[in-house]
Amino acid sequence: MRTIRAAATGAVVMSLALAATACGGGSTDGGGSNDSPKTLTYWASNQGASIEVDKKVLQPELDKFEKRTGIKVKLEVVPWSDLLNRILTATTSGQGPDVLNIGNTWSASLQATGALLPWNDANLAKIGGKDRFVASALGSTGAQGQDPAAVPLYSMAYALYYNKQIFADAGIAQPPATWAELVADGKKIQAKGKQVLGAEGANVAENIHHVLVFAEQHGADFFTADGKPDFTSDGVVAAVEQYVGLMAKDKVIPQGNAEYAQNQSVSDFAKGKTAMLLWQSASANLTSQGMSADAYGIAPVPVRSGSPGAGAQVNSMVAGINLAVFKNTDNLDGATEFVKFMTGDEEQKILNTAYSTIPPVAAAQSDAAFNSPANVVLKDTLAKSAAALPQVADESQFETTVGTAVKELFADAAAGRAVTTESVKARLAKAQQQMPAK
């Protein structure tokens with residue numbers, strides 16, 4: 001999912017635990033209706049550089065939908081810092097939208113509330129069928145063995161963005177392929193007075209995305225096969241220690257980035273302050289901040305050794321945005337038609353071009369418009385070396401507890417406090433204790 005959101009609060013976790021099994025934008029019986037066939041409410045996530053940018057992207061498309069169907073869509077773009085809490089409040093109050101964007105990592109957690117329309121074979125057939133979507137995107141739509149809780153809308157993957165001029169000035173001929181190479185390149189970059197690698201140390205979700213990748217590279221999982229949290233295994237501890245160690249030990253992430261949570265690292269990179277950035281589908285954001293596409297290169301995220309691939313060579317989480325319908329919408333047919341419109345080949349090309357994301361719809365993804373060098377790297381990553389976050393009911397609590405633990409470790413590093421194997425394990429043990437009892 002997009003990573004400009006702030007940490008979810010404890011209230012979010014409690015809301016999820018108490019979420020009702022039927023709710024949404026319309027009727028109170030949870031069954032859905034067509035009582036208001038001429039209107040829809042839509043909560044869109046903040047995908048662009050600002051909410052105003054999103055409105056400029058989306059409103060013409062919503063007007064197009066209204067012209068075709070006669071259905072007026074009332075748009076609200078919700079900041080990531082508010083979105084999960086807003087959704088969870090809606091699941092308990094019944095006062096929500098008809099259609100909404102959700103971060104794909106939340107799919108299983110929101111599915112567990114029972115508030116979202118299941119996309120069974122019959123519902124999928126109404127929007128063209130399951131086979132239209134790329135398999136990796138479908139893997140982050142809900143718990144395994146259950147009907148999807150949402151359908152993919154935008155796909156993203158992490159990549160390493162690097163400033164060509166800073167690299168040239170430091171005598172670096174190519175982007176690093178391993179973490180050891182990145183640290184070595186960092187010394188050359190610092191010798192030229194530039195910052196090395198940007199990060200969002202106070203952004204809980206961003207932390208989770210990165211430590212998932214490091215855990216995969218260490219052959220570790222955050223959950224056991226039966227869905228129980230396992231945050232203190234040797235592999236997980238080593239993964240978190242390595243990521244935070246980029247600041248605490250290797251000194252390639254500036255200490256000030258421990259407080260970043262709202263895209264400041266992207267702005268630093270766009271302004272030429274920082275040589276490298278680990279981000280998902282950043283091109284549109286960089287362009288909006290005045291950085292020319294010729295000024296930076298894009299490469300796969302480094303691995304511990306070798307080159308990206310499956311298993312320990314995973315270098316991204318499967319990032320993306322899904323589109324969901326509240327089960328008790330009062331315009332069920334219209335909501336389904338809107339999902340069909342937004343995931344249609346034409347709209348997929350328009351929207352994913354605007355956001356520099358990758359269409360999760362196979363026919364749109366194969367379009368020549370998505371064969372730029374940046375998109376080739378992202379598509380290759382999604383196809384070969386990306387892993388989904390755990391699709392378990394407790395996923396959002398996992399993001400909160402472990403992401404906060406990593407945030408606290410970054411704060412330790414920024415304050416000059418030692419980040420050791422023992423201190424990492426202690427933070428993760430505390431995070432595990434905060435998870436719901438099984």
Side-chain angles (χ1 to χ4, degrees), residues 1 12-45 65 69 71-76 78 82-130 133 137-138 140-153 320-343 391-396:
M1 73 181 64
V12 167
V13 177
M14 185 60 69
S15 295
L16 184 61
L18 299 176
T21 57
C23 38
S27 63
T28 57
D29 63 5
S33 72
N34 288 302
D35 293 342
S36 299
K38 292 299 183 181
T39 60
L40 287 170
T41 55
Y42 173 41
W43 286 357
S45 50
F65 177 75
T69 66
I71 300 172
K72 182 174 181 59
V73 180
K74 300 175 183 177
L75 171 67
E76 181 179 356
V78 183
D82 299 334
L83 185 57
L84 182 57
N85 223 350
R86 291 277 301 276
I87 294 170
L88 292 172
T89 299
T91 66
T92 56
S93 70
Q95 303 301 311
D98 299 289
V99 187
L100 68 159
N101 288 4
I102 65 172
N104 66 352
T105 66
W106 304 337
S107 295
S109 292
L110 294 176
Q111 181 180 50
T113 71
L116 302 182
L117 179 75
W119 288 91
N120 55 27
D121 289 344
N123 284 331
L124 285 169
K126 295 175 184 177
I127 63 171
K130 180 179 180 179
F133 297 95
L138 283 172
S140 293
T141 55
Q144 188 173 1
Q146 297 185 38
D147 292 325
V151 297
L153 182 63
I321 307 302
N322 292 342
L323 194 60
V325 174
F326 265 112
K327 189 188 294 183
N328 73 336
T329 171
D330 53 13
N331 190 357
L332 184 58
D333 290 346
T336 304
E337 189 64 26
F338 182 64
V339 172
K340 181 179 180 180
F341 171 79
M342 293 289 279
T343 59
Q391 292 295 300
V392 296
D394 295 335
E395 197 284 329
S396 64

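Below, each value reflects all heavy atoms present in this structure, side chains not excepted, and no hydrogens, waters or symmetry copies. Note that the numbering runs from 1 along the sequence shown for the chain.
A donor-acceptor pair is defined here as one N or O able to donate and one able to accept, closer than 3.5 Å; such a pair exists between the side chain of Thr113 and the backbone of Leu110. Using a distance-only test at 3.5 Å, with no hydrogens or angles considered, no donor-acceptor pair links the side chain of Ser107 to the main chain of Ala149. Judged by distance alone, with hydrogens and angles left aside, the side-chain atoms of Asn331 form no donor-acceptor pair with the main-chain N or O of Leu40 at under 3.5 Å. Under the 3.5 Å distance criterion, the side-chain polar atoms of Ser109 are matched with a main-chain donor or acceptor of Ala393. Without hydrogens or angle criteria, Thr92 side chain to Thr89 main chain gives a donor-acceptor distance under 3.5 Å.
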Checking Asn322 against Val151 for the side-chain contact (heavy atoms from CB on, under 4.5 Å) test, could you report, in this order, the C-alpha distance in whole Å, the side-chain angles of both residues, the deciding distance, and whether it holds? CA-CA 5 Å; Asn322 292 342; Val151 297; over 6 Å; no

Does the pair Phe133 and Ile127 meet the rule for a side-chain contact (heavy atoms from CB on, under 4.5 Å), with working shown? CA-CA 11 Å; Phe133 297 95; Ile127 63 171; 4.1 Å; yes

Show me, pair by pair, the donor-acceptor contacts under 3.5 angstrom made by side chains of residues 334-343, not counting sequence neighbours?
| from | atom 1 | to | atom 2 | distance (Å) |
| --- | --- | --- | --- | --- |
| Thr336 | OG1 | Leu332 | O | 2.9 |
| Thr343 | OG1 | Val339 | O | 2.7 |

Validation: residues 114-126 side-chain donor-acceptor distances under 3.5 Å, sequence neighbours left out:
| from | atom 1 | to | atom 2 | distance (Å) |
| --- | --- | --- | --- | --- |
| Asn120 | OD1 | Ala122 | N | 3.2 |
| Asn120 | OD1 | Asn123 | N | 2.8 |
| Asn120 | OD1 | Asn123 | ND2 | 3.4 |
| Asn123 | ND2 | Pro118 | O | 2.8 |

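Nearest heavy atoms, Leu75 versus Ala44: CD1-CB, 3.8 Å. The two residues Ser396 and Leu84 come nearest to each other via the heavy atoms CB-CD2, 4.2 Å. The nearest pair of heavy atoms linking Phe326 to Thr91 is CE2-CG2, 3.9 Å.
The side-chain contact (heavy atoms from CB on, under 4.5 Å) check on Val78 picks up Trp43, Glu76, Asp82, Leu83, Arg86, with sequence neighbours excluded. Under the side chain to side chain donor-acceptor pair (under 3.5 Å) criterion, Asp147 pairs with no residue, sequence neighbours left out. In this structure Asn101 satisfies the side chain to side chain donor-acceptor pair (under 3.5 Å) test together with Tyr42, Ser45, sequence neighbours excluded.
Put simply, the residue from Thr329, Asn328, Asp330 that forms a side chain to side chain contact (heavy atoms under 4.5 Å, CB included) with Ser33 is Asp330.
When only modelled atom types and interatomic distance are considered, Thr41 and Asp98 share a side-chain donor-acceptor pair under 3.5 Å.
Interatomic distance, NZ of Lys74 versus OG1 of Thr39, reported as 5.0 Å (0.5 Å rounding). Taking CD1 from Ile321 and CG from Asn104, the interatomic distance works out to 6.5 Å, rounded to the nearest 0.5 Å. In this structure, the separation between CG on Leu323 and CG on Leu100 is 7.5 Å, given to the nearest 0.5 Å. Between Gln391 atom CD and Gln146 atom CD the span is 10.5 Å, to the nearest 0.5 Å.
The shortest side-chain heavy-atom distance between Pro37 and Ile71 does not fall under the 4.5 Å cut-off.
Among residues at least two apart or in separate chains, there is no salt bridge (charged side-chain N to carboxylate O under 4.0 Å, His left out) pair with a member in residues 106-119.
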